[in-house]
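Please read all numbers here as calculations on a predicted model, not as lab measurements.
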Amino acid sequence: LKASSGSSALEQGSSHGLPLEAHQFTAMSFSYSPSFFQHFPKYHAPHLKLGQEHKDPLDTLKPQCLVHCSSWLNEYNECTTRISFRTDGKGDCKGQFEELTMCQDHCIAHEIFGHMK
């Protein structure tokens, strides 16, 4: 049995046994055409009249629920003010922000399904 004569993976190109030059220049077996996905008609919701735009109910619910969660908003604002005066660069308001967003999400969850059609 003879030992391998220093034929490395780089010289072979890949595990398929093709020389490096042949492996670099293999072409795709089909043409790629991205224009296929560019010709779909714009979606029109069936419950809207032509020309009427869909209004996201979250745009009206978020500010209303933020008023409902004003105590958490005040706590978050106090925290950001407190952190902005620090000179050591430590601290954050992640906990207060999480409480605020959880309160807002809880409020939105109770109201959002009343806006579904």
Side-chain angles (χ1 to χ4, degrees):
L1 293 174
K2 281 188 165 180
S4 174
S5 63
S7 174
S8 69
L10 289 176
E11 292 171 1
Q12 289 296 319
S14 72
S15 61
H16 300 297
L18 296 173
L20 185 60
E21 296 81 24
H23 183 70
Q24 287 178 341
F25 299 108
T26 56
M28 293 175 59
S29 60
F30 60 91
S31 64
Y32 176 70
S33 176
S35 63
F36 172 75
F37 297 106
Q38 296 176 356
H39 300 291
F40 286 109
K42 185 178 177 186
Y43 174 75
H44 182 271
H47 63 277
L48 297 176
K49 296 176 183 161
L50 284 176
Q52 185 181 12
E53 289 290 321
H54 172 71
K55 294 179 186 169
D56 190 0
L58 282 178
D59 294 339
T60 57
L61 288 177
K62 279 186 178 182
Q64 291 173 1
C65 287
L66 201 57
V67 170
H68 174 74
C69 300
S70 62
S71 62
W72 289 113
L73 180 61
N74 290 337
E75 191 171 329
Y76 175 70
N77 288 335
E78 289 171 5
C79 178
T80 56
T81 303
R82 201 171 46 249
I83 295 297
S84 67
F85 288 122
R86 291 185 71 149
T87 57
D88 59 357
K90 293 182 180 177
D92 59 30
C93 299
K94 290 180 185 175
Q96 290 83 354
F97 182 74
E98 277 187 26
E99 292 293 339
L100 174 63
T101 54
M102 284 183 355
C103 177
Q104 193 177 25
D105 288 346
H106 183 78
C107 173
I108 289 171
H110 286 284
E111 301 291 327
I112 192 74
F113 291 106
H115 295 273
M116 299 292 173
K117 292 187 179 187

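Heavy atoms only, all atoms of each residue included: E98 and T101 are closest at O-OG1, 3.0 Å. Minimum interatomic distance between I112 and P57 (heavy atoms only, all atoms of both residues): CD1-CG, 3.8 Å.
C69 does not pair with C107 as a disulfide, the SG atoms being 2.5 Å or more apart.
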_Under the criterion side chain to side chain contact (heavy atoms under 4.5 Å, CB included), I'd like the reasoning laid out for D59 against D56: C-alpha separation, chi angles, the key distance, then a yes or no._
CA-CA 6 Å; D59 294 339; D56 190 0; 3.7 Å; yes
*Take E99 and E75 through the test side chain to side chain contact (heavy atoms under 4.5 Å, CB included) and record every step on the way to the result.*
CA-CA 10 Å; E99 292 293 339; E75 191 171 329; over 6 Å; no
*Under the side chain to side chain contact (heavy atoms under 4.5 Å, CB included) criterion, do L73 and V67 qualify, and how do the steps go?*
CA-CA 9 Å; L73 180 61; V67 170; over 6 Å; no
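Of the inter-residue distances, the one linking N77 atom CG with R82 atom CZ reads 11.0 Å to the nearest 0.5 angstrom. The structure places CG of L100 at 9.0 Å from OG of S71, a figure rounded to the nearest 0.5 Å.
Each side-chain hydrogen bond (donor to acceptor under 3.5 Å, both in side chains) pair with one or both residues in residues 88-97, not counting sequence neighbours, appears once here: R86-D88.
In this structure, W72 is a member of the same hydrophobic cluster as F97, with clusters built from ILVMFWY side-chain heavy atoms closer than 4.5 Å.
Panel note: side chain E111, backbone L61; no donor-acceptor pair is recorded below 3.5 Å.
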